[in-house]
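One structure is given below, encoded as structure tokens.
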Amino acid sequence: EVQLQASGGGLVRAGESLRLSCAASGFTFDDYAIGWFRQAPGKEREGVSCVYHKHSTSRYSDSVKGRFTISSDNAKNTVYLQMNSLKPDDTAVYYCARTPFSVCDGVGPISQDLFGNWGQGTQVTVSS
């Protein structure tokens, strides 16, 4: 069974950091790109970052570029999202998902349309 388990969320103050983890199982990790998405209350889900380890590509939304860093550990089948300099606008439920398509080497918004097998999400709350 394909599973993507997001964890690491919490309550932090503006300017602080968090590291999210997305643990994958049930499929060949190296054959998929893993993306992070978030959904704030009353807003649509938006792409944050993605990584395709096999192709050595990564991509960030403009809103997090320079503050967030995505990485993958193939030995642990886990993708991390290091979030620094957090802002109240980063408050959202963060989800991870997978896609077999090479979509992490472009620019611009990361579309969720090609991603599937969504994890359950982890809440990130940033207070001002």
Side-chain angles (χ1 to χ4, degrees):
E1 179 187 3
V2 173
Q3 287 192 337
L4 293 167
Q5 182 92 10
S7 63
L11 172 62
V12 297
R13 296 179 178 179
E16 294 184 341
S17 300
L18 277 175
R19 189 178 79 157
L20 305 184
S21 299
C22 176
S25 61
F27 63 97
T28 302
F29 185 75
D30 209 35
D31 288 343
Y32 289 82
I34 303 295
W36 282 102
F37 298 80
R38 66 186 181 186
Q39 187 166 22
K43 296 186 177 181
E44 293 189 356
R45 189 161 55 190
E46 64 170 345
V48 174
S49 182
C50 69
V51 63
Y52 205 147
H53 181 85
K54 182 170 69 174
H55 296 166
S56 299
T57 56
S58 61
R59 182 173 172 179
Y60 300 90
S61 67
D62 289 343
S63 61
V64 306
K65 199 175 297 182
R67 299 188 297 122
F68 291 11
T69 302
I70 194 168
S71 61
S72 65
D73 185 337
N74 274 27
K76 296 182 178 180
N77 285 3
T78 300
V79 170
Y80 303 100
L81 186 68
Q82 177 67 42
M83 307 187 296
N84 298 331
S85 302
L86 282 161
K87 305 175 181 179
D89 284 349
D90 295 318
T91 295
V93 178
Y94 284 70
Y95 301 89
C96 57
R98 69 168 189 166
T99 179
F101 302 106
S102 182
V103 298
C104 299
D105 56 349
V107 296
I110 300 168
S111 173
Q112 61 180 312
D113 294 343
L114 296 177
F115 284 83
N117 298 108
W118 297 87
Q120 86 290 358
T122 185
Q123 176 71 47
V124 172
T125 304
V126 184
S127 64
S128 57

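On a predicted model such as this, the values are computed, not experimentally measured, just so you know.
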Checklist entry - Do the side chain of Q120 and the main chain of A6 share a donor and acceptor less than 3.5 angstrom apart? => result yes

Next on the checklist: I'd like to know if the side chain of S85 reaches the main chain of R67, judged simply by a donor and an acceptor atom lying under 3.5 Å from each other, with no hydrogens or angles considered.
Outcome noted: no

Item to check | Residue pair I34 / F115: nearest heavy atoms and the distance that separates them | outcome: C-CE2, 4.2 Å

Checklist outcome for this item: Here the pair of heavy atoms bringing D73 nearest to F29 is O-CE2, 4.3 Å

Next on the checklist: Once salt bridge (Lys or Arg N to Asp or Glu O under 4.0 Å) is applied, what residue pairs with a partner in residues 24-37 remain, sequence neighbours excluded?
Outcome noted: D31-K54

Checklist entry - If every non-hydrogen atom of S61 is compared with every non-hydrogen atom of I110, which pair is closest and at what distance? => result N-CD1, 4.4 Å

Item to check | Minimum heavy-atom distance I70-V79, with the two atoms named | outcome: CG1-CG1, 3.7 Å

Checklist outcome for this item: When rounded to the nearest 0.5 Å, the distance separating CG of N117 from OG1 of T99 is 10.0 Å

Item to check | Note, E16 side chain near L86 side chain (heavy atom, < 4.5 Å) | outcome: no

Checklist entry - Just checking, is any N or O donor in the side chain of T125 or Q123 under 3.5 Å from an acceptor N or O on the other one? => result yes

Next on the checklist: Donor-acceptor pair, distance only, cut-off 3.5 Å: does the side chain of T91 make one with the backbone of V126?
Outcome noted: yes

Item to check | Same apolar cluster: V103 and F68, side chain cutoff 4.5 Å | outcome: no

Checklist outcome for this item: So the disulfide (SG to SG under 2.5 Å) pairs with at least one residue in residues 75-128 (sequence neighbours excluded) are C22-C96, C50-C104

Next on the checklist: So that I can tick it off, tell me whether D90 and K87 are bridged by a salt bridge, with the cut-off set at under 4.0 angstrom between side-chain N and carboxylate O.
Outcome noted: no

Item to check | Residue pairs fulfilling salt bridge (Lys or Arg N to Asp or Glu O under 4.0 Å) with at least one residue in residues 97-118, sequence neighbours excluded | outcome: none

Next on the checklist: More than 12 heavy atoms of other residues, nucleotides or ligands under 6.0 Å from NZ of K65: yes or no?
Outcome noted: yes

Checklist entry - Heavy-atom distance under 4.5 Å between the side chains of S21 and K76, does that happen here? => result no

Next on the checklist: Among residues at least two apart in sequence or on other chains, which ones pass ring-ring contact (aromatic ring centres under 6.0 Å, His included) with Y52?
Outcome noted: H55

Checklist entry - To the nearest 0.5 Å, how far apart are CE in M83 and OG1 in T69? => result 11.5 Å

Checklist entry - Is there side-chain contact between S49 and L81, with at least one heavy-atom pair below 4.5 Å? => result yes

Item to check | Shortest non-hydrogen contact between V12 and S17, atoms and distance | outcome: CG1-O, 4.1 Å

Checklist entry - Does Y80 share a hydrophobic cluster with V51, counting links as ILVMFWY side-chain heavy atoms below 4.5 Å and allowing steps through other members? => result no

Checklist entry - Are Y60 and F101 connected, step by step, through hydrophobic side chains (Ile, Leu, Val, Met, Phe, Trp, Tyr) whose heavy atoms are closer than 4.5 Å? => result no

Item to check | All ring-ring contact (aromatic ring centres under 6.0 Å, His included) counterparts of F27, not counting sequence neighbours | outcome: Y32

Item to check | Partners meeting ring-ring contact (aromatic ring centres under 6.0 Å, His included) with Y95 (sequence neighbours left out) | outcome: none

Next on the checklist: For the CZ atom of R45 and the CZ atom of R38, what is their distance to the nearest 0.5 Å?
Outcome noted: 13.5 Å

Next on the checklist: Give me the atom names and distance for the closest heavy-atom approach of R59 to P109.
Outcome noted: NH2-O, 2.8 Å

Checklist outcome for this item: Rounded to the nearest 0.5 angstrom, the CD-OG1 distance for Q5 and T78 is 10.5 Å

Checklist entry - Quick check, are the ring centers of W118 and F37 under 6.0 angstrom apart? => result yes

